[in-house]
**Q** 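Before I ask anything, let me first share the structure, which is written out below as structure tokens.
Here, residue 1 is the first one in the sequence, and each next residue gets the next number. Excluded from the calculations below are hydrogen atoms, water molecules and symmetry mates; all remaining heavy atoms, backbone and side chain alike, are included.
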Amino acid sequence: MFRNIKDTLSRSTAMKASVVAGLAVAALATGVPAEISRSYADAVNVQAPQVPSFANVVDAVSPAVVSVRVESRINPVADEDDSFGLGRGFDELPDDHPLKKFFKQFEQQQQGRNQQQGQQKNPQDGKGHLRPVAQGSGFFVSEDGYIVTNNHVVSDGAAFVVILNDGTEFDAKLVGKDSRTDLAVLKVDGKGKKFTYVNWADDEKVRVGDWVVAVGNPFGLGGTVTAGIVSARGRDIHSGPYDDYIQIDAPVNKGNSGGPTFNLNGQVVGINTAIFSQSGGSVGIAFAIPATTAKDVVVDLIKSGSVSRGWLGVQIQPVTKDIAESLGLSEPSGALVVSPQDGSPGQKAGIKNGDVVTAVNGEPVKDPRDLARRIGAMQPGAKVDVSLWRGGKSQSVTVELGTLPAEQSQASNDDNSQPAQPQQPSSEKALADLGLTVGPSDDGKGVAITGVDPDSDAADKGVKEGEKITSVNNQEVSSAGDIAKVVDQAKKDGRTRALFQIQSGDGSRFVALPINAG
């Protein structure tokens, strides 16, 4: 068997040799080199449109972007936490997973190196030692070393270290911070060194769909670049009264906080401050503080270490479609005044509960957030013309703004009112059309709600037993008869809804309830 196979292979080899020899003779006869030329198909080469590269932008701005290491004085016994947050989400991976191994090794190296540096600079003195507790990002806004970052990055820090993209480290001091806009400014002493810095963009010119580049320090990895587009403007994520975020779809992660988002001209469009995530990692939705908001705050922080804001001093809520209809407004816009604070500039100027602020200095007010931002951007002591909708007609008052008190929001929920206590039924009268049963209040102010029909609009809008009705259509009420009188007048005026001011332990609010117009 093996021999037959050998003979066959020998004959095959002899035939191939004969063919090759024949080809060689043919090649010589035609003047072609004797070597055998083998033909191959060309490699794939697609002539595709060239996408713009971000490399030039990144090369220019990277020296201005820094990593911020935050250190805090920690008691040595409390030594078990995940200082960099790198383990969050990765602990669920198998122990032999390469990603988990990578981050764990990186974390241990960073903690060991940084903790050693902290102990060397701050030996044990009975008060604990400085230990890294957070890492974020930042960027230079001046050649003499001023750096912008997020307030939430530095808020718990006792010392700060800034790391340049080439690895150079500088100690930094906190110049000032502003919790309301989540901004902070650090300063490093370069001892004559001039730092590369970046400028602010005019983010009013930024359009949805524009390319942006985010540069920062995600997961403590160091300088990292991601790209995306502006996907929305004016986002309210309910983090404070000045929410006006730019939404971008660039992959931004923990550690990118405080880092800049650039346009393709290398200008700062916004400062990365939050992400939408259910796991702690990026899902591609991030929020940046607009440059127009940030640059004014940064100037104040550099100048004085704090931010002074105008203060109107009124508790406000949105104007819904139902509320607008109950007040005779043509559209649901403006800010409804629930109550002016005692002694506030708004109260002194004559602003009352039930007023709707429709404009400031002639510029229409869209909603409470718009009013808060606009007033906050003005200087204390400024005189502003506030347009109001009151009693079915427009009027205006002049307000001299005060100074926003520390850690107090413009739309304060503290109106110093006492919680209404549940009242026992007394001379109850059912207001069937409203789904409410009411009775007199103990203090004679307002009407106690003693029952709410669970199938009524009032129940759907959150009206509860034990709360109190203090006014209807901005008219004070103290009995069921007062309510009926105001409601009847609203029907005669062609209204289909009445505006009820409800007081509870959480403060006051307005609710528009449908009334029977039949």
**Q** Would you call Asp189-Lys173 a salt bridge at under 4.0 Å N-O?
**A** no
**Q** Counting only N and O atoms by type, is there a donor-acceptor contact under 3.5 Å from the side chain of Asn263 to the main-chain atoms of Asn265?
**A** yes
**Q** Evaluate ring pair (Phe, Tyr, Trp, His ring centres under 6.0 Å) for Phe170 paired with Phe195, printing each intermediate quantity in order.
**A** CA-CA 12 Å; Phe170 290 92; Phe195 297 98; 5.5 Å; yes
**Q** Judged by atom type as modelled, is there a donor-acceptor pair below 3.5 Å linking the side chain of Asp203 to the main-chain atoms of Ala291?
**A**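 Yes; at least one donor-acceptor contact below 3.5 Å.
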**Q** Salt bridge between Lys461 and Asp457, side-chain N to carboxylate O under 4.0 Å?
**A**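 Salt bridge between Lys461 and Asp457, a charged N being under 4.0 Å from a carboxylate O: no.
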**Q** Quick one: which of Asn150, Thr261, Asn256 gives a side chain to side chain donor-acceptor pair (under 3.5 Å) with Asn272?
**A** Thr261
**Q** Can any side-chain N or O of Arg495 pair as donor or acceptor with the backbone N or O of Val487 at less than 3.5 Å?
**A**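 Such a contact is absent between Arg495 side chain and Val487 backbone.
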**Q** Applying the side-chain contact (heavy atoms from CB on, under 4.5 Å) test to Ile147, which of Val185, Val175, Val65, Val66 qualifies?
**A** Val66
**Q** Is the gap between the ring centers of Trp200 and Phe262 under 6.0 Å?
**A**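 Between Phe262 and Trp200, which both carry aromatic rings, the centre distance is not below 6.0 Å.
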**Q** Checking the side chain of Ser231 only, and the main-chain atoms of Gln247 only, is there a donor and an acceptor separated by less than 3.5 Å?
**A**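 Here the side-chain-to-backbone pair exists.
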**Q** Indicate yes or no for a side-chain donor-acceptor contact from Asp453 to the backbone of Ala459 under 3.5 Å, with no hydrogens or angles considered.
**A** no
**Q** Look at Asp300 together with Lys295 and state whether they make a salt bridge at an N to O cut-off of under 4.0 Å.
**A** no
